[in-house]
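The block underneath contains the structure these notes are about, expressed in structure tokens.
Quick note: numbers below take in every heavy atom, side chains included, and nothing from hydrogens, waters or symmetry partners.
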Amino acid sequence: MCNLVQKYNIPGPRYTSYPTVPYWDINTFSGKEWERTLIKSFKESNATEGISLYIHLPFCESLCTFCGCHKRITKRHEVETPYIQAVLKEWQLYCNMLPEKPIVKELHLGGGTPTFFTPENLQALINGIFRKAERAAEYEFSFEGHPNNTTKAHLQALYNVGFRRVSYGVQDYNSTVQKAINRVQSFENVKNVTEWAREIGYTSVGHDIIFGLPHQTLQHVEETILKTKELLPDRLAFYSYAHVPWLKGNGQRGYKDEDLPTATQKRDQYEKGKNLLAKVGYKEIGMDHFALENDSLYQSMVTNNLHRNFMGYTPSKTQVMIGLGVSSISDSWYSFAQNVKSLEEYNHLVFNNIIPIYRGHILTQEDVVIRKHILNLMCRLETSWSNKNEEFAQLSETLDKLQEMKNDGLIEISSTKLTVLDKGRPFIRNICMAFDVLLHQKTPQTRLFSMTI
Ligand code: SF4
């Protein structure tokens, strides 16, 4: 495995979309095309499968130095109400444009720190959304909670408006690692917020654990997983720290490159964690995720409904996902669009009745075919091209690129099908990269992605 790690540890996307954001064709994109494709897709799917909503709540009280999210650090809670008003205004602009009332099947509050907001303000936000929308017959509402500031009142308020899933950023329990990433939080806090959620009636509690953090050792990962075992979250994201300081300004400069584990050490951390999780009964889902058998993510994998979008893995697919708030990305299935990142510009646009997108991509027929292969690999660890409509112009070059991975025992390929083998699971991003024709056509001037391991 050691040589394979060195060989395949190259910069690569995490494929929450295809084409990936740096490869969007922003020249052929326009707000009008975004509206046209969104309305087309909405008409096709709202009545039958509903839509997903992602709401970005960007404020945090302090900066965690490992963070790759779009956030604004402030202790001024006066920002809450105007931001909620702006998000509801953006939602109104979408509802005015759509031909019928949206039926919301999935709703996720991400950030930033959603629990920066008071429980009352979060409830006001959700109630405002549903003044113009309906809930689907079966829906899943979830939010990201910070273990240091999630209160029982937050959990109860969101439960009362339909939330049944919460995930907490745990990262690592070791104090040296926590200090290095400026995210000091005790096991007690995580225990409290996990138990409160269960007492209130949440059916899925998730923890996010990161490996490859500064000063993190194999022993730290082991200790973190053993503590996690005590709380037995239903779902776990266990993923590699994405070190991209050249993209994150001051955000990832709180430690030196030599403080980070090497690629081989990271791989060992992952293998150790994965084996410990398997012993507890967690099932590996796609890439970097684990779930207990009772969790909807595991059920969706078994029934072949697992899907991946900008929110990560989700238990069901909706054709339309609308992202509200600064920097949010929307997916109409035929196109992507991203909102402006500056809060001031966002406010200015929405209060002038303009949907605040600043860039996007209209998918070509070839993009659609390749996205399907990448989704298949990410969600089902296999893909096939037995039908004409699953082929694309560069298929034979892609198969040539995969030969080496086949020789290394990572994948099995027949004339019409590729299956990822157990040995290939750590290299799933590399396998997807073979299908990513845009990545091969245009080498970026600067490094855009974190390392694959
Ligand atoms: S990790 Fe979460 S809480 Fe920390 S700065 Fe990033 S978004 Fe904010």
Side-chain angles (χ1 to χ4, degrees), residues 14 16 52 105-110 138-147 150 155 158-159 162-173 185 187-211 220-240 269-309 311-317 378-382 420 422 425-426 428:
R14 287 186 186 232
T16 49
S52 299
K105 183 173 188 194
E106 269 193 48
L107 190 157
H108 183 73
L109 304 181
E138 282 182 26
Y139 58 85
E140 186 173 288
F141 296 174
S142 56
F143 74 99
E144 293 161 18
H146 193 312
T150 300
L155 288 158
L158 288 170
Y159 182 87
F163 284 68
R164 295 292 180 270
R165 194 167 83 70
V166 56
S167 62
Y168 297 115
V170 170
Q171 335 312 352
D172 188 291
Y173 285 113
Q185 57 188 23
F187 175 71
E188 269 310 297
N189 283 5
V190 180
K191 186 169 186 281
N192 284 340
V193 292
T194 300
E195 289 175 352
W196 292 338
R198 289 195 169 130
E199 282 161 26
I200 288 170
Y202 283 74
T203 50
S204 175
V205 179
H207 287 185
D208 291 358
I209 297 174
I210 307 185
F211 61 93
H220 298 145
V221 172
E222 185 171 357
E223 285 165 3
T224 294
I225 301 274
L226 291 177
K227 284 200 158 90
T228 301
K229 190 177 144 188
E230 285 179 42
L231 304 179
L232 216 62
D234 306 270
R235 200 181 283 192
L236 270 167
F238 178 49
Y239 60 92
S240 152
Q269 291 176 353
Y270 183 74
E271 291 300 326
K272 180 82 184 182
K274 177 178 147 163
N275 291 337
L276 287 170
L277 290 172
K279 279 192 195 139
V280 187
Y282 285 98
K283 306 287 180 198
E284 195 170 8
I285 314 281
M287 182 183 80
D288 304 340
H289 283 68
F290 295 82
L292 294 174
E293 286 188 14
N294 62 346
D295 191 82
S296 60
L297 206 61
Y298 175 75
Q299 299 298 334
S300 70
M301 183 180 79
V302 173
T303 53
N304 250 345
N305 287 313
L306 186 66
H307 181 59
R308 187 168 170 83
N309 59 24
M311 297 190 276
Y313 284 108
T314 72
S316 59
K317 170 183 158 272
M378 280 284 179
C379 299
R380 293 181 242 303
L381 303 172
E382 61 178 32
V420 180
D422 261 1
R425 271 191 99 123
I428 189 84

Given Asp234 and Ser204, is the side chain to side chain donor-acceptor pair (under 3.5 Å) satisfied, shown in steps? CA-CA 6 Å; Asp234 306 270; Ser204 175; 4.7 Å; no
Would you check if there is a donor-acceptor pair between the side chains of [Y] and [X] at a distance under 3.5 Å?
X	Y	result
His307	Thr314	no
Ser316	Asn305	no
Arg235	Ser296	yes
His108	Glu144	yes

Say whether, by atom type as modelled, one donor and one acceptor occur between the side chain of Asn275 and the main chain of Glu271 under 3.5 angstrom. yes
Please confirm whether Tyr202 and Phe163 have ring centers closer than 6.0 angstrom. no
Shortest non-hydrogen contact between [X] and [Y], atoms and distance:
X	Y	answer
Val205	Tyr168	CG1-CE1, 3.9 Å
Phe211	Gln269	CB-OE1, 3.5 Å
Gln171	Ile209	O-CG2, 3.4 Å
Val190	Tyr173	CG1-OH, 3.3 Å
Pro426	Asp422	CD-O, 3.8 Å
Ala197	Val166	CB-CG1, 3.9 Å

Please determine whether a side-chain nitrogen of the Lys or Arg among [X] and [Y] lies less than 4.0 Å from a carboxylate oxygen of the Asp or Glu.
X	Y	result
Glu195	Lys191	yes
Asp288	Lys274	no
Glu140	Lys105	no

Do the side chains of Tyr298 and Val302 get nearer than 4.5 Å, heavy atoms only? yes
Just so I know, are the side chains of Glu293 and Lys283 near enough to count as touching, which here means a heavy-atom distance under 4.5 Å? yes
Determine whether Glu382 and Val420 satisfy the following criterion, side chain to side chain contact (heavy atoms under 4.5 Å, CB included), listing intermediate values before the conclusion. CA-CA 6 Å; Glu382 61 178 32; Val420 180; over 6 Å; no
Arg164 to Phe141, cation-pi by 6.0 Å centre distance and 45° axis angle: no
Taking ring pair (Phe, Tyr, Trp, His ring centres under 6.0 Å) as the test, write out the residues that go with Tyr282, two or more places apart. none
Quick one: sort the Phe290 and Tyr270 rings into parallel, tilted or perpendicular, breaks at 30° and 60°. tilted
